[in-house]
Colleague: 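This structure is in structure tokens; I'll ask about it shortly.
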Amino acid sequence: MPDGHPFLEVKDLKVHFPTDDGVVRSVDGLSFKLERGRTLGIVGESGSGKSVTSLGIMGLYNKRNADVSGEIWLDGDELVNAGSETVRKLRGDKMAMIFQDPLSSMHPYYTIGRQIIEAYRVHHKVSKQVARKHAVDMLGRVGIPQPDRRVDDYPHQFSGGMRQRAMIAMALVNDPQLLIADEPTTALDVTVQAQILDLMHDLQSEFNSALIVITHDLGVVAELADDVLVMYGGRCVEFGGATTIFERPEHPYTWGLLGSMPRMDRPNLDRLIPIPGLPPSLINLPSGCAFHPRCRFEPRTGGLGSTVRPELVRAGGSNHLVRCHLPTEERQRIWAEEVKPELEA
Amino acid sequence: MSEQGDALLKVRGLEKHFPITKGVLRRQVGAVRAVDGIDFEVYRGETLGLVGESGCGKSTTGKLLTRLIEPTGGSIELDGRDIAHLRQGQLRPLRRDMQMIFQDPFSSLNPRHTVGTIVGAPFRIQNVKTEHGVKRAVQDLLKLVGLNPEHYNRYPHEFSGGQRQRIGIARTLALRPKLIVADEPVSALDVSIQAQVVNLLEDLQNEFGLTYVFIAHDLSVVRHISDRVAVMYLGKVVEIADRETLYANPRHPYTVALLSAVPVPDPARRDRAQRNRVLLTGDVPSPINPPSGCRFRTRCWKAQEICATEEPPLVPRLDDPASHQTACHFPVVEGEEVAGRTPATTSA
């Protein structure tokens, strides 16, 4: 950005939900920056806080049962402390979201067209006819055949892939500068997933928007993301360029994710290398490093792992951050000599 | 693994048409041809992967194999005996030999029963005498699948998804079945947990010599676990081969497209992967009114006239061995330009 501020900056974002059993720290001190034209992939397992992060940015939480703190700067506007009316004006206009399941996130009673027209007219003072033309145009751009006819269909008349396209059309109808896609292809078959990924890639370069893709599928991340943020227990454990994260990852959890996943581009492993144990409870995170009970390198931290919470510090690659007690050289050595050979064996 | 000839399961012309009825008289006006004439064998001790997109009939096939539903045609020979049209009473003793693992570990366990009751149910239903009582047998099973045997009295909601899937697997193993049909057993699980369960299934297979039919849409998981793989499209098997062959040298255009669509977790290959991807256009046609001839022809870039008139048989094509069968008039040759692109070859 010309004025030196990043387009989107999230600073120490915390989203906590007080419950009878204790406070659920879904997101606990997350910071990142994102420029227009760039794609950030957020990876993590269920309960790592990745979806809550996106809802936090979009302001889609209920202030009565969520404690949100920190700062979110979107193109000069601060969102966390802004009134709901301000966020509401930005939502759908400057920032938009694509949800995982298009069947449950579209209204079954209204036609696809009516829902897109509504999204457009909320932010633009135009007649229904103009908005409708815009909706048809948008449906055509996302690759729906005969958009002037299909605009009057109901969501159930669309197939899964077409519904996802329609959802993308709805999200893009106001030319958002920030687009958040939460598991955009998880509900889809691979051949359709391939179509949608290509579409998102093309549309992003066309609109020059900032894109956040939230997914558990490292393949999807590798396909779309410029930068990758790995979340565990509500915190970022590793951040870096996509190439860095896939080729020189430094966090044991990232290593674990790469080892758990069978890969089609590599010779078949005899056995997958799972991460032992279970993801942590967000009410009661383990002491010290949240990952330490599942980390096989924890003994090498000399007791630090279970007692002291590690900070997010600079790692080997440029613009590469990692939250781990092991020294950088030690992590790089473990990856190169112990973990990587295992994955490629 | 796949010693030809010793087939545990032999499927011939298997068909399941679900009737579509209309009006008060429930007159049949058509049928959903979910599974429409498929043949394959499953050899003892092997894992047959069954892949395809949603609606291709793979889950229906799984239910047919375990006779949870009755086929409308064809035969299913389990250990030399045709079980396709057995009645409930006749099936019951056979249930010991074939079991199913379900996709959703949340809805496949009764929330009001304890783990002990759930895993012990097969013993009670089948009236199987256990040496040291049912409780002991259940605890042994829990230990076997990596759960704490002391959790015998807990309820399903006290467990995570991966642990629940282990409970389902323990129940499946109770009667030491010969054949286990696993329908998307790991797709509901997180990546790190998925690997744990896949490894468990492999260990159990080695220990008990189990035979698996592994139904999944995730091609990487299927490649990891299967010895042979069958690809289904719109109620038909379009290609079947051993794993290495199918992934390295797919013959059917649909298999080629399917494999090229899998995102590769390697950003360095992103551009090449996108260039090499065979993008299928359109949607899968309706199984109520499948296209004539080859069902894939409406989305196939190689389709010619004959594809619309003549249904290609599932046979070895080109110089393929008998174990690699393809139902296509114009099979893809290695290194061939596909839809204007050279297909991405995956190393098997």
Side-chain angles (χ1 to χ4, degrees), chain A residues 43-48 143 145 159-162 185 187-195 197-198 201 216-226 228 241-247 253 256-279 294, chain B residues 51-56 159-163 187-200 202-203 217-225 243-244 247 254 257-270 273-274 277-284 299 344-348:
Chain A
V43 219
E45 298 180 83
S46 22
S48 64
S159 68
M162 299 242 296
T185 58
L188 306 175
D189 280 317
V190 277
T191 57
V192 184
Q193 165 172 290
Q195 296 169 3
L197 291 180
D198 276 15
H201 193 260
H216 67 279
D217 186 335
L218 290 168
V220 171
V221 169
E223 193 101 352
L224 285 177
D226 301 307
V228 180
T243 318
T244 310
I245 296 293
F246 282 92
E247 281 169 16
Y253 177 63
L257 284 180
L258 290 168
S260 310
M261 187 182 50
R263 292 180 63 154
M264 301 250 298
D265 58 330
R266 295 267 171 82
N268 220 1
L269 293 172
D270 280 342
R271 282 179 76 76
L272 300 174
I273 310 155
I275 304 174
L278 300 173
R294 305 175 75 190
Chain B
V51 294
E53 297 179 273
S54 29
C56 72
F159 295 89
S160 69
Q163 290 174 319
S187 12
L189 308 176
D190 268 319
V191 203
S192 72
I193 309 300
Q194 210 173 43
Q196 294 176 3
V197 174
V198 166
N199 282 349
L200 172 68
E202 288 183 329
D203 292 343
H217 69 280
D218 184 330
L219 289 146
S220 344
V221 173
V222 167
R223 168 169 172 250
H224 179 81
I225 202 167
R243 170 187 62 200
E244 280 77 18
Y247 280 82
Y254 178 63
L258 208 54
L259 291 177
S260 80
V262 178
V264 173
D266 181 356
R269 291 174 49 146
R270 183 192 302 181
Q274 278 171 1
R277 180 167 293 150
V278 184
L279 279 185
L280 289 181
T281 47
D283 288 314
V284 184
R299 302 170 78 194
T345 43
T346 47
S347 43

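Residue numbers start from 1 in every chain, and the chains themselves are labelled A, B, ... in the order their sequence lines are given, proteins ahead of strands. The shown structure was predicted, so the numbers you read here are calculated from the model rather than taken from an experiment.
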Colleague: Heavy-atom cut-off 4.5 Å, strictly under: side chain, backbone, both or neither for A:Pro279 against chain B?
Modeller: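 Contact with chain B involves the side chain of A:Pro279 alone.
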Colleague: How long is the straight-line distance from CG of B:Leu219 back to CG of B:Leu258, given to the nearest 0.5 Å?
Modeller: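 Reported value, rounded in 0.5 Å steps: 4.5 Å.
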Colleague: Counting only heavy atoms closer than 4.5 Å, note whether B:Val198 contacts chain A via side chain, backbone, both or neither.
Modeller: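 Answer is side chain: those atoms of B:Val198 sit under 4.5 Å from chain A.
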Colleague: Do you know which of A:Thr191, A:Thr185, A:Val190 has the most heavy-atom pairs with chain B at a distance under 4.5 angstrom?
Modeller: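 That would be A:Thr191.
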Colleague: Heavy-atom pairs under 4.5 Å with chain A - which of B:Gly161, B:Gly162, B:Pro265, B:Ala261 has more of them than the others?
Modeller: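 Looking at each of B:Gly161, B:Gly162, B:Pro265, B:Ala261 in turn, B:Pro265 comes out on top.
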Colleague: Please confirm whether the backbone N or O of A:Gly219 pairs with a side-chain atom of A:Asp217, one donor and one acceptor, at under 3.5 Å?
Modeller: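 Side chain of A:Asp217 to backbone of A:Gly219, a donor-acceptor pair under 3.5 Å: yes, one is there.
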Colleague: Under a 4.5 Å heavy-atom cutoff, which of A:Gly277, A:Gly143, A:Gly241 has the most pairs with chain B?
Modeller: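 Looking at each of A:Gly277, A:Gly143, A:Gly241 in turn, A:Gly277 comes out on top.
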Colleague: Among A:Gly47, A:Ala225, A:Pro145, which residue forms the greatest number of heavy-atom pairs with chain B at distances under 4.5 Å?
Modeller: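 Maximum pair count with chain B is reached by A:Ala225.
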Colleague: With sequence neighbours excluded, tell me which residues meet side chain to side chain contact (heavy atoms under 4.5 Å, CB included) with B:Leu200.
Modeller: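 Checked B:Leu200 against side chain to side chain contact (heavy atoms under 4.5 Å, CB included); matches are B:Val145, B:Arg166, B:Ile169, B:Leu204.
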Colleague: Give, as side chain, backbone, both or neither, the part of B:Ile225 having an atom under 4.5 angstrom from any heavy atom of chain A.
Modeller: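 No part of it gets close to chain A.
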Colleague: Report yes if some heavy atom in the side chain of B:Pro263 is under 4.5 Å from a heavy atom in the side chain of A:Gln193; otherwise report no.
Modeller: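 A side-chain contact under 4.5 Å exists here.
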Colleague: With a 4.5 angstrom heavy-atom cut-off, is it the side chain or the backbone of B:Ser160 that approaches chain A, or both, or neither?
Modeller: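 For B:Ser160, the side chain is the part near chain A, not the backbone.
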Colleague: Is any side-chain heavy atom of A:His216 less than 4.5 Å from a side-chain heavy atom of B:Gln194?
Modeller: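 Heavy-atom side-chain distance check fails, nothing below 4.5 Å.
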Colleague: Side chain to side chain contact (heavy atoms under 4.5 Å, CB included) with A:Pro274: which residues, sequence neighbours excluded?
Modeller: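 B:Ala195, B:Gln196, B:Asn199.
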Colleague: Looking at B:Glu53, B:Glu202, B:His217, B:Gln163, which makes the most heavy-atom pairs under 4.5 Å with chain A?
Modeller: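 The candidate making the most pairs under 4.5 Å is B:Glu53.
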Colleague: If you count heavy-atom pairs under 4.5 Å with chain B, which of A:Ser159, A:Ala242, A:Ser46 comes out on top?
Modeller: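 Sorted descending by pairs with chain B, the first entry is A:Ser46.
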Colleague: Rounded to the nearest 0.5 Å, how far does CE of A:Met264 lie from NE2 of B:His224?
Modeller: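 Answer rounded to 0.5 Å: 14.0 Å.
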